[in-house]
Amino acid sequence: MRIASFNINGVKARLPVLLDWLTESAPDVACLQEIKSVDDGFPRTEIEDLGYQVETHGQKGFNGVAILSKLPLEDISRGLPGDESDEQARYIEATVIGSRPVRVCGLYLPNGNPAPGPKYDYKLAWMARLEAQMRVHLATEEPVIFCGDYNIIPQDEDAATPSDWTGDALALPESRAAFRRMLALGLTEAFRARQHGGGHYSFWDYQAGAWNRNNGIRIDHHLLTPQAADLLRDCWIEKDQRGREKPSDHVPVWIELDA
DNA sequence: ATGGTAGCTGCGCTA
């Protein structure tokens, strides 16, 4: 089973890119972030025509996540528990029925800038809720994947120019500490586990020629429960997507599981 | 030190 996480930065503007990618790279499961669409506006039929089941959790204008799957999906759950007043669409879960079932949790973690401030407070509170949900899933001792745009640069080596990010919500010590607490629960960060080291990125800003200068950051991650980590065959970044026509500012990050 | 781009929306907000 191959699962890709991809922040597409607008599903309607990115539809030709998305359809080409689904056709050529053909993930079994794709977790999308920043669809920037309500559920009714999502280009469902075009994607279903490529053989995917489509489950969305959208909102108007901003945010929004989706899971696309060639394998059957069961028990879809929308929204991150822990705050009934939170109206931002940033989280969706489904069980993928492969040769063995895998619970896939797609997330779009808040950016948090400017920090400090209410947006940063929201980011940290959202991370605490995510950590609580991770604890719930860890207790099941089943294969579970938490993938998406974490908006966290885990270490300086995950940025081409670390000094650009000093004081930024993506790299502040408190942000990194919250991410490390997730790993300390016993989750495996798939890309790191494959010992790729530093110098690999999943996002390049549209501004200031970041792509041409390879001034990127690695902020899209897959975190695996021990039972999922046991199934991990590989993890890689599909960097060449960033150089294509009308690209997203993120590229897909993949895992392959023995499932 | 500043400004640079993109998407959605409706000329500002988010990233």
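Within every chain, numbering begins at 1; the chains are lettered A, B, ... in the order of the sequence lines, protein sequences first and strands thereafter. On a predicted model such as this, the values are computed, not experimentally measured, just so you know.
The OG atom of Ser25(A) sits 8.5 Å away from atom CG of Leu22(A), with the distance rounded to the nearest 0.5 Å. Note that the CG atom of Leu19(A) and the OG1 atom of Thr23(A) stand 6.5 Å from one another [nearest 0.5 Å].
In this view, Arg90(A) satisfies the salt bridge (Lys or Arg N to Asp or Glu O under 4.0 Å) rule with no residue, not counting sequence neighbours. Residues that satisfy the side-chain contact (heavy atoms from CB on, under 4.5 Å) test with Arg233(A), not counting sequence neighbours, are Glu256(A), Asp258(A). Residues that satisfy the ring-ring contact (aromatic ring centres under 6.0 Å, His included) test with Tyr91(A), not counting sequence neighbours, are absent from this structure.
Reading DNA chain B from its 5' end, the first and the last nucleotide to sit under 4.0 Å from a heavy atom of chain A are dG4(B) to dA15(B).
Spacing between dA1(B) and dG7(B) at atom P, rounded to whole Å, works out to 31 Å. With P as the reference atom, dA15(B) and dT2(B) are 23 Å apart, rounded to whole Å. If you take atom P in dC8(B) and the same atom in dG4(B), they sit 22 Å apart, rounded to whole Å. Look at the P atom in both dT5(B) and dT9(B): the space between them is 22 Å, to the nearest Å.
Of all the residues in residues 160-178 of chain A, not one reaches under 4.0 Å from DNA chain B with any non-hydrogen atom. Of all the residues in residues 105-113 of chain A, Tyr108(A), Asn111(A) reach under 4.0 Å from DNA chain B with at least one non-hydrogen atom. Remark: Lys36(A) in residues 33-46 of chain A come within less than 4.0 Å of DNA chain B through at least one heavy atom.
Annotation for Val136(A): hydrophobic cluster partners, listed by chain and number, are none (ILVMFWY side-chain heavy atoms under 4.5 Å, direct or chained).
Residue Glu24(A) places its CD atom among more than 12 non-hydrogen atoms of other residues, nucleotides or ligands, all under 6.0 Å distant.
Contacts of Arg213(A) with the nucleic acid, taken as non-hydrogen atoms under 4.0 Å apart, are absent.
The pair Arg213(A)-Asp205(A) does not count as a salt bridge, with every side-chain nitrogen at least 4.0 angstrom from each carboxylate oxygen.
Looking at Lys123(A) and Leu170(A), their side chains come closer than 4.5 Å, going by heavy atoms from C-beta outward.
Annotation: of the two residues near DNA chain B, Asp149(A) and Gly61(A), the 5′-most nearest-nucleotide partner is Gly61(A). The nearest heavy atom of DNA chain B to Asn151(A) and to Gln207(A) marks one nucleotide each, and the one closer to the 5' end goes with Gln207(A).
Screening residues 2-22 of chain A for salt bridge (charged side-chain N to carboxylate O under 4.0 Å, His left out) gives no qualifying pairs among residues at least two apart or on separate chains. Screening residues 143-163 of chain A for ring-ring contact (aromatic ring centres under 6.0 Å, His included) gives His137(A)-Phe146(A), Tyr150(A)-Phe179(A), Tyr150(A)-His221(A) as the qualifying pairs, with residues at least two apart or on separate chains. Within the structure, ring-ring contact (aromatic ring centres under 6.0 Å, His included) contacts touching residues 222-252 of chain A (residues at least two apart or in different chains) are Phe203(A)-His250(A), Trp236(A)-Trp254(A).
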Tell me which donor-acceptor pairs under 3.5 Å the side chains of residues 70-81 of chain A have, and how far apart each pair is, sequence neighbours excluded?
| from | atom 1 | to | atom 2 | distance (Å) |
| --- | --- | --- | --- | --- |
| Arg78(A) | NE | Thr56(A) | O | 2.7 |
| Arg78(A) | NH2 | Glu55(A) | OE1 | 2.7 |

